[in-house]
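A quick write-up on the structure given underneath.
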Protein chains: 2
Amino acid sequence: MIERRNPTGLHDPVLDELGLAIASGALPEGRVLTLDGIQERFGVSRTVAREAMRVLESMGMVTSRRRVGITVRPMDDWNVFDPKVIWWRLAGPGRDAQLRTLTELRLAIEPLAAGAAARAATGPERARLTALAAELRRLGEAADLAEFMERDVEFHELLLRASGNEMFGALAGPVAAVLRGRTRLGLMPHQPVRAALDLHEAVAAAVAAGRAAAAEEAMRELLAEVRTATLPG
Amino acid sequence: MIERRNPTGLHDPVLDELGLAIASGALPEGRVLTLDGIQERFGVSRTVAREAMRVLESMGMVTSRRRVGITVRPMDDWNVFDPKVIWWRLAGPGRDAQLRTLTELRLAIEPLAAGAAARAATGPERARLTALAAELRRLGEAADLAEFMERDVEFHELLLRASGNEMFGALAGPVAAVLRGRTRLGLMPHQPVRAALDLHEAVAAAVAAGRAAAAEEAMRELLAEVRTATLPG
DNA sequence: AGACCGGAAAGGTAACACCATTTCATGTCT
DNA sequence: AGACATGAAATGGTGTTACCTTTCCGGTCT
């Protein structure tokens, strides 16, 4: 049941195409656009063009100056944590770079998130985490890759959200994108390694028991496989 | 030196006040606004009200539905990494919570960023980092707190940017805000501890020498002080 | 070179037609 | 009478157009 029945949304397409064009480099840093140009290119009114532009501006992707137009800004200025920006970069040729930096981000965040979850998770969260780890073992041994991935995504999302740190929680979406991206690219072993199954259970157990240091360490070991698999030396 | 931006755009004030009101809880989740209300409250035209609202919408702070109005969304949906959102939360009563989660984020990110910088930093960056560490020792021993803080900010910013991971680099601003906030709140020792001075130099040296693991470990030790000083158990 | 001016483009206002959604009153069926 | 369907009216965002105002780039005149 897809909730997203929003029929209209006339500047979302504009925003999306422009954002993608910038993220992909088709509109490089320094390129100057005009509202008139946008109006014409998309066949929309000035209002719609301006609203899309404002949003891009708030993401740091363009600046707008009178008499000169709308200028594309360097990537250093972008809000690279904005889900839309992440999505655009994943959809374009910057995809590998984005996957790499997101993976590095995971390596940094998830161990601490696991530790925090051991301190802050609610009862139901701890229980669900344990159940998910068990399910992962079952699916892993059955080599059901598709279902394994979905449970794995759920495991990591729940852990981030249960950390009690909303900044960690906000990374749940991007992390899910990385996990899905990795299997789609065939970067995962055909059958999850036993060690990974053990470690998921170790993380869940440590969180359930409130052992923060153990949870952090187990997550670090779990991610070690990711580190060697996808990052350079 | 305050950068007196443009002759002040007209929706920035609107955006700022609404964003702050939402972030501070003055406009709680579920509260419904209307464009007419915003127009009247700020004495601006519909266009301006709409553009501010679009930006808030792109930050996940409100949704706009026909016939019903503009609804404030729960914090789970906000783009909590957006610099404006961070700023608003720091400016309101959520300030302590925001400082806490940002600090936790630092603990996660900076060690990995140091390691990455050891691999990726340019020559000048390594040199500057080393120089900054030396300057920090001088200022620390002279107990020049204000200047120490500024160099410290510069040290951490440079390190994040030199990591070669633009997502780490994008955190330079917020991290600077935390560092400045900590001293302004008197959470820093009156004279920086010697161990901290040693560790800044250790980080710089490891980065300069390209020793990633050592840089990561040194940064972790450097942050241990922060961890105990500001986080619970 | 320095001052000056024309025009390009964004900033902002206003008025309007349109359309989705909710609300509510009305009427019919049981 | 009470429940349910039906349809109309009120409400408030969506999108368009027209028209000023402000800024400031670039060329021109002295």
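Each chain gets a letter, A, B and so on, in the order its sequence line appears, and its residues count up from 1. These figures come from a predicted structure and were not determined experimentally.
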Subject >> Residue pair A:R73 / A:E29, side-chain heavy-atom distance below 4.5 Å >> reply: no

Subject >> Residues from residues 29-55 of chain B lying under 4.0 Å of DNA chain C - heavy atoms >> reply: B:S45, B:T47, B:V48

**OP:** For the pair A:E154 and A:R151, find out whether any cationic side-chain nitrogen is under 4.0 Å from an anionic carboxylate oxygen.
**Re:** yes

Original post:
Is B:E51 salt-bridged to B:R54, cutoff N-O under 4.0 Å?
Top reply: no

Subject >> Given B:E135, B:H156, B:M219, the one that forms side-chain contact (heavy atoms from CB on, under 4.5 Å) with B:H200 >> reply: B:H156

**OP:** For the pair B:E125 and B:R161, find out whether any cationic side-chain nitrogen is under 4.0 Å from an anionic carboxylate oxygen.
**Re:** no

Original post:
OP1, OP2 of C:dG12 versus side-chain N and O of B:H11: anything below 4.0 Å?
Top reply: yes

Original post:
What's the verdict on side chain to side chain donor-acceptor pair (under 3.5 Å) for B:E166 and A:T101, showing C-alpha distance, side-chain angles and the deciding distance?
Top reply: CA-CA 7 Å; B:E166 73 287 343; A:T101 57; 3.0 Å; yes

Taking only nitrogen or oxygen atoms into account, show me every contact under 3.5 Å that the protein makes with nucleotides 22-25 of chain C, one pair per line with its distance.
unit_1: C:dT22; atom_1: OP1; unit_2: B:R65; atom_2: NH2; d: 2.7

**OP:** Provide the closest heavy-atom pair for B:R106 versus B:P111 in the form atom of the first, atom of the second, distance.
**Re:** O-CD, 3.8 Å

**OP:** State whether the side chain of B:S163 and the backbone N or O of B:L159 hold a donor-acceptor pair below 3.5 Å, judged by distance alone.
**Re:** no

